[in-house]
2 protein chains.
Amino acid sequence: MSDTKATQAKRQRTGVRVTMATVGRMAGVSQVTVSRALSEPDKVSADTLRRIHSAIEQTGFVPNAIAGALASQRSRLISALVPSLTNVVYSSFVKTFSDSLREAGYQLLLSETGFEPEEELKAIASHLSRRPDAILLTGIHHSAQARKMLLGADIPVVEAWDITDTPIDMCVGFSHVEASRAVADYVMATGYTQAATVTANDERAHRRRDAFAARMTSLGGTPVAAHDCEGPASIASGRAALSDLIEREALRTGVIFCSSDVLAQGLLIEAQACEINVPGNLAIIGFGDQEFAAHLEPALTTVRVDRNRLGKEAADTILTRLNGGEKKRVVVDLGFEIVTRASA
Amino acid sequence: MSDTKATQAKRQRTGVRVTMATVGRMAGVSQVTVSRALSEPDKVSADTLRRIHSAIEQTGFVPNAIAGALASQRSRLISALVPSLTNVVYSSFVKTFSDSLREAGYQLLLSETGFEPEEELKAIASHLSRRPDAILLTGIHHSAQARKMLLGADIPVVEAWDITDTPIDMCVGFSHVEASRAVADYVMATGYTQAATVTANDERAHRRRDAFAARMTSLGGTPVAAHDCEGPASIASGRAALSDLIEREALRTGVIFCSSDVLAQGLLIEAQACEINVPGNLAIIGFGDQEFAAHLEPALTTVRVDRNRLGKEAADTILTRLNGGEKKRVVVDLGFEIVTRASA
DNA sequence: TTGTAAGCGTTATCAT
DNA sequence: ATGATAACGCTTACAA
């Protein structure tokens, strides 16, 4: 009965707790030996190991990673903040990212932050409080306060889906400005001079829209009409967008650069409904090269970004650093590719 | 110089660490007061609060949730295991689930487990080691070992996306057997007697396939041909499936029940390529009612499941329990709805 | 309103 | 090969 009052009180609130000490007692060794048996088994005799494992089996002991993290100052947790989970573009990226990490023994703390900087700041703070071993952010625009917190955390920080010469720490992505300019170049080279954009509510998409419009103008095209969608990309909003452009801008010819393949699909469907021939009358270009793009009728011209590679590279830069890689600025440009199909 | 050697060693390896003690020293109070200032501010005087916040500001202090979790025996972490992140069906579910939880102050520890029970078991173990306050699983089929671990964890466990009278703890979903029977009933009532299935590699989809085939047979239909896809659902695999059914089963009439809308879209596209009229010659039914289903040509008949509500209900059952709700078995059947459109 | 002390369950260090 | 002991940075109970 050497328990203090506090201990007794806790015992009452909670169920029986199996710890390394419990296991050790049962196996006739101290708690430390149990810890060793799990993390450095070759430093423990075969017989002891056997007894410990048998005790673990009997008790159903599950090591407490929280205590381990506190003691070792390593959480084996990696944070990821993405704007959207339901957008396949990001979810497939998260998938490859987390696959690589899990293989290396890390777990994923995930948050969807939308496109509001304030939301992101709150998410960053709450993630950092968990002391992740590294953190992944989407995009390169973060509030000053966010940058300060991240720098202060003193962990690897990867900014994905974009490129900058001045990342907080490391970045893996591609240039949205370059990609948009390439699309404009392709459009002009193909002979379209009239263009419009349909853009979802996404900061990177906005930058693509602007870079595209600027390039078109500088190449001698007519001013680019723009339709910006309220919410996330959907077929319905794509249809509404085309409908709006037709009505508001009397647009029935030229090319429309959409911020995502889903929007483009919406435009394609609406065009068909309005009996507008694509690409005969109106050409349509998407972004992302999702699986369905190649199967649409007409097949969709779009911009391909290697999302899987993006996820893997992001994970790799983190793992390299965590495995003792020197702390240097890393900027990986994965590029993009214009995939020319029937729609433009 | 009252530091022990261990402390000194740690100091060397790591950067300067800002803790509540640091903040307290700067604000002229003890560490506990800082803790109180953050968790129960009204128990701290206004002036002290001011000094503490100023110190927090200056130091960039971020509370260590790991230490907090260890001390309080509450991690404020919720685990979720889903078979796939890239499948919108699950990702939208995860989204609503995590939205509800975040609002309540919890963070999401997420793993994609695929459809292999072994993978799931490993994931469960590694999640439980983080001592989540609750855990969400997809489906109701888990290994005996998994059930034992989960029971031992003594936390709320929600099994989602399916229904059973004997959940590990709580479950929220719908009956895949009922849904498939309803589809078969609809099919027979509509007058089709010949049917086939196209099924992705998903345990619940397999059960739907079997229940559908059994009902068709018991209602007097001809034996149901089946095409099972290797990997996850995709348009390409849907196209290949139809092509296979045509070739192998000489199927050019009747109805095909697909395990997902994406597969169904693939079939629709392949049918068009083969100049098979839908639904004139071949009727097609999907599953899930994704956004694009209504926009396809012909619009897709499918089974609607309210994924958002599923995510929200799953979160709610957890939160209710965590907020002191009595520990009783909860089984929520969200049902389904056959959405009749042009394709069947 | 504030402080002291114990404890959370590990890992790290140093002895034996 | 094993153990004793001190952190890790908080929260809880209790005292002042």
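Convention: sequence-line order gives letters A, B, ...; per-chain numbering from 1.
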Peer 1: Given the ring of Tyr106(B), does Arg76(B) sit roughly above its face, with NZ or CZ under 6.0 Å from the centre of the six-membered ring and within 45° of the axis?
Peer 2: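 Yes, Arg76(B) lies over the aromatic ring of Tyr106(B).
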
Peer 1: From the options dT11(C), dG9(D), dT10(C), select the nucleotide whose nearest atom is closest to the side chain of Ser35(A).
Peer 2: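 Looking only at side-chain atoms, Ser35(A) lies closest to dT11(C).
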
Peer 1: Atom CD of Gln73(B) and atom P of dG7(C): how far apart are they, to the nearest Å?
Peer 2: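 About 13 Å, once rounded to whole Å.
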
Peer 1: With nearest nucleotides of DNA chain C determined for Ala67(B) and Arg51(B) from heavy-atom distances, which residue corresponds to the more 5′ nucleotide?
Peer 2: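 The residue mapped nearer the 5' terminus is Arg51(B).
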
Peer 1: Expressed as a whole number of angstroms, how long is the span from Lys43(B):NZ to dC14(D):C1'?
Peer 2: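 These atoms are roughly 13 Å apart.
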
Peer 1: With heavy atoms under 4.0 Å as the rule, sort Val44(A) into base, sugar-phosphate or nothing.
Peer 2: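 Result for Val44(A) = sugar-phosphate.
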
Peer 1: If you only use heavy atoms from C-beta on, which nucleotide in dT11(C), dT12(D), dC10(D) is closest to the side chain of Gln31(A)?
Peer 2: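 For Gln31(A), the side-chain atoms sit closest to dT11(C).
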
Peer 1: May I have the step-by-step check of salt bridge (charged side-chain N to carboxylate O under 4.0 Å, His left out) for Lys327(B) and Asp154(B), ending in yes or no?
Peer 2: CA-CA 11 Å; Lys327(B) 177 162 182 179; Asp154(B) 195 35; 3.6 Å; yes

Peer 1: Please report, rounded to the nearest Å, how far the C1' atom of dG9(C) is from the CZ atom of Arg25(A).
Peer 2: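 Taking CZ of Arg25(A) and C1' of dG9(C), I get 12 Å after rounding.
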
Peer 1: What's the closest nucleotide to the Thr33(A) side chain, out of dC10(D), dC8(D), dT2(D)?
Peer 2: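 So the side chain of Thr33(A) is nearest to dT2(D).
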
Peer 1: Measure the distance from CG on Asp133(A) to P on dT11(C) and round it to the nearest whole Å.
Peer 2: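 Rounded to the whole Å, the gap is 14 Å.
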
Peer 1: In this structure, how many angstroms lie between the C1' atom of dG3(D) and the CD1 atom of Ile52(A), rounded?
Peer 2: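 Distance check: Ile52(A) CD1 to dG3(D) C1' gives 12 Å.
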
Peer 1: Can you identify which nucleotide, out of dG9(D), dT10(C), dG3(D), has its nearest atom closest to the Val32(A) side chain?
Peer 2: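 Of the options given, the side chain of Val32(A) lies nearest dG3(D).
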
Peer 1: Where the side chain of Ser45(B) is concerned, which of dT12(D), dT1(C), dG3(D) is the nearest nucleotide?
Peer 2: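 From the listed options, dT1(C) comes nearest.
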
Peer 1: OP1 or OP2 of dG9(D) sitting under 4.0 Å from any side-chain N/O of Arg17(B)?
Peer 2: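 It does, given that an N or O in the side chain of Arg17(B) lies less than 4.0 Å from OP1 or OP2 of dG9(D).
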
Peer 1: Do Arg329(A) and Pro167(A) have side chains that get closer than 4.5 Å, going by heavy atoms?
Peer 2: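 Yes. Closest side-chain heavy atoms under 4.5 Å.
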
Peer 1: Does Ser72(A) have a side-chain nitrogen or oxygen under 4.0 Å from the phosphate oxygens OP1 or OP2 of dT11(C)?
Peer 2: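 Checking Ser72(A) against dT11(C): no side-chain N or O falls below 4.0 Å of OP1 or OP2.
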
Peer 1: Please state how far atom CD in Glu40(A) lies from atom P in dA12(C), giving the value in whole angstrom units.
Peer 2: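 Roughly 8 Å, once rounded to whole Å.
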
Peer 1: Can you find an N or O donor on one side and an acceptor on the other, under 3.5 Å apart, linking the side chain of Arg131(B) with the base of dG9(C)?
Peer 2: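 Such a pair does not exist between side chain and base.
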
Peer 1: Give me the one residue out of Arg321(B), Glu159(B), Lys328(B) that meets side-chain contact (heavy atoms from CB on, under 4.5 Å) with Asp169(B).
Peer 2: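 It is Arg321(B); the other options fail the test.
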
Peer 1: Of the nucleotides dT10(C), dG3(C), dG7(C), which has the atom closest to the Arg36(B) side chain?
Peer 2: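 Closest nucleotide to the Arg36(B) side chain: dG3(C).
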
Peer 1: Under 4.0 Å: is that the gap between some side-chain N or O of Thr48(A) and OP1 or OP2 of dT2(D)?
Peer 2: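 Yes, within the criterion.
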
Peer 1: Looking at Arg204(B), Glu120(B), Glu112(B), Glu116(B), which one forms a side-chain contact (heavy atoms from CB on, under 4.5 Å) with Pro83(B)?
Peer 2: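 By the side-chain contact (heavy atoms from CB on, under 4.5 Å) criterion, Pro83(B) pairs with just one of Arg204(B), Glu120(B), Glu112(B), Glu116(B): Arg204(B).
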
Peer 1: Would you mind telling me which of dG9(D), dT10(C), dG9(C) lies closest to the side-chain atoms of Thr19(B)?
Peer 2: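 Of all the options, the side chain of Thr19(B) is nearest to dG9(D).
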
Peer 1: What integer distance in Å separates Leu70(B):CG from dC10(D):C1'?
Peer 2: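 Leu70(B) atom CG is separated from dC10(D) atom C1' by 8 Å.
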
Peer 1: In this structure, how many angstroms lie between the P atom of dC8(C) and the CG atom of Asn64(B), rounded?
Peer 2: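 So the CG-P distance, Asn64(B) to dC8(C), works out to 18 Å.
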
Peer 1: Quick one: does Asp316(A)'s side chain get under 4.5 Å of Val332(A)'s, heavy atoms only?
Peer 2: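 In short, these two side chains do not touch, never coming nearer than 4.5 Å.
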
Peer 1: With sugar-phosphate meaning primed atoms plus P, OP1 and OP2, does Ser39(A) contact a base, only sugar-phosphate, or nothing at under 4.0 Å between heavy atoms?
Peer 2: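 No contact at all - Ser39(A) keeps every heavy atom at 4.0 Å or more from the nucleic acid.
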
Peer 1: Checking contacts here: which listed nucleotide (dG3(D), dG9(C), dG9(D)) is nearest the side-chain heavy atoms of Val29(A)?
Peer 2: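 From the listed options, dG3(D) comes nearest.
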
